[in-house]
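Chain identifiers are assigned alphabetically (A, B, ...) following the order of the sequence lines, protein sequences preceding nucleic acid strands; residue numbering begins at 1 within each chain.
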Amino acid sequence: METAVLIVLIVAALVVVAATWGSAAHLLQRRLALVVLLLAGVALPLGASATGVFVGVKRSSRTSFCVECHEMTAYGQSLFVDNPDALSAVHYQKRLISRDETCFACHTDYAMFGDVKAKLNGLLHVWVHYAGEAEAPLKLYQPYPNHNCLHCHDDARSFMEVDDHQTELAKLRDDTTSCLSCHEVGHDLAGVTTKNFWLGATP
Amino acid sequence: MNAVVQKTRRALAVVFVGLVVELFTILFWSPLMFVLFASVGAGLVALGGLFLVVSLWPSLRQNPHAAVIADDEADR
């Protein structure tokens, strides 16, 4: 649907630009027509391009986009592993976070420009995918920040009522104790290798 | 051909090529194609737009009643 709209928009811009090219000499005779030239040659094409970039960036948040590259296949499958301790699997299977944007929900920084940073890193990863080879094993640029978990969990009743959280709260908030020190498994890749999948969902 | 007309057409041609690149990348969408859309396609559109504004800039600042090129130049 959005692809169709985008195609129509760009084809329309193409036709208008071509028509403007053809009548450039005549348009340039009328001063008012300069406005037409600017609308047809600058505003419309730029508008169509901006829409395309917007749609593309939006799409790049989708789970299906993330697992399109073979490097991410195992991580995509890890959403289906039958392991209640695996954070990605639990959040996905219980539908605690959006299914459409599963990966992005945990792998963007919830801070000003956090999305921009995540997208720029993503751009780099697309480059690595096509131009080289990612270094195995994959790892994050920095230890997973508690802030991203706390974006959803801080102050939540279920979180606050766990005793271990209460005693560690200050340290959890300033990131000196990682959530992962107790909730250890981000992705159960061993479960993917042994095909230990929850049968209610299909990888 | 009048120099302004020539510059205008050149700018429009750059925009056109940019849009063709965009159309192509949409039809064969993939992460790489999106990168090409945003860099090459949108880049050319922006560049052509800039050329166009630059070529029209002197005319835009002129006396509002003056035509950019004389009537008899249009068909040459």
Side-chain angles (χ1 to χ4, degrees), chain A residues 2-35 37-38 40-57 59-60 65-66 68-69 119 122-127 129-131, chain B residues 1-27 29-39 41-46 48-53 55-57 59-60 62-76:
Chain A
E2 59 193 14
T3 308
V5 172
L6 209 52
I7 290 174
V8 168
L9 205 61
I10 288 178
V11 169
L14 273 171
V15 170
V16 170
V17 169
T20 316
W21 192 92
S23 49
H26 287 281
L27 283 172
L28 284 167
Q29 283 175 272
R30 305 274 168 274
R31 198 180 156 76
L32 188 62
L34 290 182
V35 178
L37 256 175
L38 288 179
V42 184
L44 178 62
L46 271 185
S49 307
T51 311
V53 171
F54 180 78
V55 167
V57 169
R59 257 185 219 181
S60 71
F65 177 94
C66 300
E68 206 163 326
C69 292
K119 293 302 177 195
L123 208 58
L124 181 69
H125 300 167
V126 170
W127 171 253
H129 172 79
Y130 287 104
Chain B
M1 200 193 291
N2 178 289
V4 181
V5 177
Q6 211 166 19
K7 276 197 216 159
T8 302
R9 286 200 165 157
R10 208 173 294 148
L12 287 171
V14 174
V15 173
F16 191 87
V17 172
L19 288 168
V20 170
V21 171
E22 289 184 2
L23 193 61
F24 178 83
T25 57
I26 292 174
L27 294 176
W29 197 264
S30 75
L32 177 66
M33 285 301 177
F34 171 62
V35 173
L36 292 181
F37 179 104
S39 56
L44 285 174
V45 168
L50 189 71
F51 286 165
L52 192 61
V53 171
S55 83
L56 295 180
W57 187 244
S59 325
L60 285 168
Q62 261 173 23
N63 164 7
H65 300 295
V68 177
I69 59 175
D71 279 355
D72 62 338
E73 270 184 316
D75 303 315
R76 269 191 260 139

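A pairwise comparison of heavy atoms in L52(B) and L37(A) identifies CD2-O, 3.7 Å as the closest pair. When every heavy atom of L12(B) is checked against every heavy atom of G41(A), the shortest pair comes out as CD2-CA, 3.8 Å. When all heavy atoms of I7(A) and I26(B) are compared, the pair lying nearest together is CG1-CG2, 3.8 Å. Minimum interatomic distance between A24(A) and T8(B) (heavy atoms only, all atoms of both residues): CB-CG2, 4.4 Å.
Looking at T20(A), the atoms closer than 4.5 Å to chain B (heavy atoms on both sides) sit in the backbone and in the side chain alike. Neither the backbone nor the side chain of L50(B) has a heavy atom closer than 4.5 Å to any heavy atom of chain A. Residue V57(A) touches chain B through both its backbone and its side chain, counting heavy-atom pairs closer than 4.5 Å. In this structure, the portions of S30(B) lying under 4.5 Å from any heavy atom of chain A include both its backbone and its side chain. Contact of V53(A) with chain B is made through backbone and side chain together, with heavy-atom distances under 4.5 Å. For a residue to count as touching a neighbouring chain, one of its non-hydrogen atoms must lie under 4.5 Å from one of that chain's; by this rule F16(B) touches chain A with backbone and side chain alike.
From K7(B), atom NZ reaches atom CG of L28(A) across 11.5 Å, with rounding to the nearest 0.5 Å. Put simply, CG on L9(A) and CG on L23(B) are 11.0 Å apart, with the number rounded to the nearest 0.5 Å. The CG atom of L6(A) sits 8.5 Å away from the OG1 atom of T25(B) when rounded to the nearest 0.5 Å.
Heavy-atom pairs under 4.5 Å with chain A peak, among L32(B), V53(B), V45(B), at L32(B). Annotation: maximal heavy-atom pairing with chain B below 4.5 Å, among C69(A), S60(A), G56(A), A40(A), occurs at G56(A). Ranked by heavy-atom pairs under 4.5 Å with chain B, the list L38(A), T3(A), V35(A) is led by L38(A).
Side-chain contact between V15(B) and L46(A): absent, with no pair of heavy atoms (C-beta onward) separated by less than 4.5 Å. Annotation: side chain of F37(B) is in contact with side chain of I10(A) (closest heavy-atom distance under 4.5 Å). Side-chain atoms of P31(B) and E68(A), non-hydrogen and from C-beta on, do get closer than 4.5 Å to each other. R59(A) is listed as a side-chain neighbour of W29(B), based on a closest heavy-atom distance under 4.5 Å.
Enclosure of atom CZ in F54(A) is not indicated, since only 12 or fewer non-hydrogen atoms of other residues, nucleotides or ligands lie within 6.0 angstrom.
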